Engineer: 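Shown below is the structure under consideration.
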Amino acid sequence: MSGVGFHVVDETAVLTLQNEAKLNALTSEMLEVLEQRVRDVERDGSIRALVLTGAGKKAFCCGADISAWGTLSPAEFARHWVRGGHRIFDRLARIGKPTIAAINGHAFGGGLELASCCDLRLVAPRATLALPEAKVGIVPGWSGTQRLTRLFPEGAVKEMALFGRRINAERAVTLGYAVEVADDVLSRALEIAAEQQGLSPRATEIAKQMIHAAVDEDKHAAVEALGSAAVAASADRDEGVAAFMDKRNPNFSGI
């Protein structure tokens, strides 16, 4: 039975990919649950951070379960599987709370793309990273050629996608993709998550939006969200709303 486990440690939500028999390959059911869990975390003010990991010790996630998409028509594959995955992954990437991928084992294909949606990544010593899609006649579909090129040097992405080579844990850190190698990535991720809990949640949320705007991660929405937040705190906004409710002309102060 596959799914996505959920529990809270102090103020950190832990999501665990649970399909160990298939190296935590992503099914349609898992993607739906993942989207719901991320939405729940985003709306829960008591949760300050999110950690994503995989069940067992072999794999974080080996990608998408071929049985879930292998029989889809080209139109279904493009419209539903690829675009649906983008929607879910983008929700994780753009959540306002700090996120950490505890890569406890191999991260291949969609699993590597999923880990890349998090703000920080920790890797277990024996973990390897890869984009093996060409071995089954497809290409990375969940931003493996887009978001990954902002996190890896271009040559490293080509090395994985064009030559089928794997990147080990130490090299992932050297390349700047992961922040460190840890024997117990989940425990270490929880330690790091706890470190940021003394910081202002609002300040970290705004800082994340500003950084994302700089690297073109949802740039337009980030700019509009920041501008909207600024104007929402103004006296003009209060006056405008009050005037509308009172059915009168507003008297804006410019403050």
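Computed from a predicted structure; not experimentally measured. Sequence positions, counted from 1, serve as the residue numbers for this chain.
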Engineer: Between atom CG of Leu15 and atom CD of Gln18, what is the distance when rounded to the nearest 0.5 Å?
Structural biologist: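 Output value for this atom pair is 10.0 Å.
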Engineer: Using 0.5 Å steps for rounding, measure from the CZ atom of Phe6 to the CD atom of Gln36.
Structural biologist: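 The CZ atom of Phe6 sits 10.5 Å away from the CD atom of Gln36.
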Engineer: Return yes if a side-chain donor-acceptor contact under 3.5 Å exists between Asn168 and Thr128, otherwise no.
Structural biologist: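 Their side chains do not contain a donor-acceptor pair, so the 3.5 Å distance test is not met.
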Engineer: What's the spacing between Asp184 CG and Lys57 NZ if we round to 0.5 Å?
Structural biologist: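 One finds 9.0 Å between CG of Asp184 and NZ of Lys57.
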Engineer: Using only atom types and a distance under 3.5 Å, with no angle test, would you say the side chain of Asn104 pairs donor to acceptor with the backbone of Leu186?
Structural biologist: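 Here the side-chain-to-backbone pair does not exist.
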Engineer: Looking only at atom types and distance, does a side-chain atom of Arg147 sit under 3.5 Å from a main-chain N or O of Gly144, one as donor and one as acceptor?
Structural biologist: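 Absent.
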Engineer: Are a donor atom and an acceptor atom from the side chains of Thr99 and Asp119 found within less than 3.5 Å of each other?
Structural biologist: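 Yes, a side-chain donor-acceptor pair sits under 3.5 Å.
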Engineer: Other residues, nucleotides and ligands only: do more than 12 of their heavy atoms fall within 6.0 Å of CZ on Arg126?
Structural biologist: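 No, the 6.0 Å shell around CZ holds no more than 12 heavy atoms from other groups.
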Engineer: Has the side chain of Glu159 got a donor or acceptor atom that lies under 3.5 Å from a matching backbone atom of Arg165?
Structural biologist: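 No, the answer is negative, given that no donor and acceptor are paired below the 3.5 Å cut-off.
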Engineer: With a cut-off of 6.0 Å (strictly less than), are more than 12 heavy atoms of other residues, nucleotides or ligands near CZ of Arg83?
Structural biologist: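 No, not enclosed.
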Engineer: Can you get from Ile138 to Leu148 by hopping between Ile, Leu, Val, Met, Phe, Trp and Tyr side chains that sit under 4.5 Å apart?
Structural biologist: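 Yes, Ile138 connects to Leu148 through the hydrophobic network.
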Engineer: Would you find a donor on one side and an acceptor on the other, under 3.5 Å apart, between the side chain of Glu11 and the backbone of Arg48?
Structural biologist: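 Not confirmed, Glu11 side chain does not pair with Arg48 backbone.
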Engineer: Can a donor-acceptor pair be found between the side chains of Asn24 and Glu20 at a distance below 3.5 Å?
Structural biologist: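 Result is no, nothing qualifies.
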Engineer: For Gln146, is there any backbone N or O sitting under 3.5 Å from a side-chain donor or acceptor partner on Thr149?
Structural biologist: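 A pair under 3.5 Å: yes.
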Engineer: Checking the side chain of Glu239 only, and the main-chain atoms of Asn251 only, is there a donor and an acceptor separated by less than 3.5 Å?
Structural biologist: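 Pair found, side chain donor or acceptor close to backbone of Asn251.
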Engineer: Rounded to the nearest 0.5 Å, how far apart are CH2 of Trp142 and CG of Leu114?
Structural biologist: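 Nearest 0.5 Å value for the CH2-CG distance: 8.5 Å.
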Engineer: Once you round to the nearest 0.5 Å, how far does CD of Gln209 lie from OG1 of Thr204?
Structural biologist: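 Gln209 atom CD to Thr204 atom OG1 measures 10.5 Å (nearest 0.5 Å).
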Engineer: With side chain to side chain contact (heavy atoms under 4.5 Å, CB included) as the test, pick out the partner of Leu122 among Val173, Thr53, Ile100, Val51.
Structural biologist: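 One option only clears the test, and that one is Ile100.
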Engineer: Which residue, Arg91, Arg94, Lys97, forms the salt bridge (charged side-chain N to carboxylate O under 4.0 Å, His left out) with Glu42?
Structural biologist: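 Running salt bridge (charged side-chain N to carboxylate O under 4.0 Å, His left out) over Arg91, Arg94, Lys97 with Glu42 returns exactly one hit, Arg91.
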Engineer: Whether the side chain of Asn249 engages the backbone of Ala243 through a donor-acceptor N/O pair (distance < 3.5 Å, no angle test) should be reported.
Structural biologist: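 Checking the backbone N and O of Ala243 against the side chain of Asn249, no donor-acceptor pair under 3.5 Å is found.
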Engineer: Are any of the side-chain nitrogens in Lys208 or Glu205 under 4.0 Å away from the carboxylate oxygens of its partner?
Structural biologist: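 Judged by the 4.0 Å cut-off on N to carboxylate O distance, Lys208 and Glu205 do not form a salt bridge.
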Engineer: Let's go through Asn19 and Thr27 carefully: what are the C-alpha distance in whole Å and the side-chain angles of both, what is the deciding distance for side chain to side chain contact (heavy atoms under 4.5 Å, CB included) to 0.1 Å, and is it a yes or a no?
Structural biologist: CA-CA 9 Å; Asn19 190 9; Thr27 64; 3.9 Å; yes
Engineer: Determine yes or no for a side-chain-to-main-chain donor-acceptor pair under 3.5 angstrom, with Lys58 supplying the side chain and His106 the backbone.
Structural biologist: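 It does not hold such a pair.
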Engineer: In the single-linkage hydrophobic clustering (I, L, V, M, F, W, Y; side-chain heavy atoms under 4.5 Å), do Ile47 and Ile95 co-cluster?
Structural biologist: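 In one cluster with Ile47: Ile95, yes.
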Engineer: Is there a donor-acceptor contact under 3.5 Å from the side chain of Arg121 to the main chain of Ile103?
Structural biologist: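 Absent.
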Engineer: Is there a side chain to side chain contact (heavy atoms under 4.5 Å, CB included) between Phe89 and Ser116? Walk through the geometry before answering.
Structural biologist: CA-CA 9 Å; Phe89 282 30; Ser116 300; over 6 Å; no
Engineer: Got a donor-acceptor contact below 3.5 angstrom from the Asp65 side chain to the Ala25 backbone?
Structural biologist: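 Here the side-chain-to-backbone pair does not exist.
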Engineer: Under a 3.5 Å cutoff, is there a donor and acceptor pairing between the side chains of Asp44 and Ser46?
Structural biologist: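 Yes, Ser46 and Asp44 have a side-chain donor paired with an acceptor closer than 3.5 Å.
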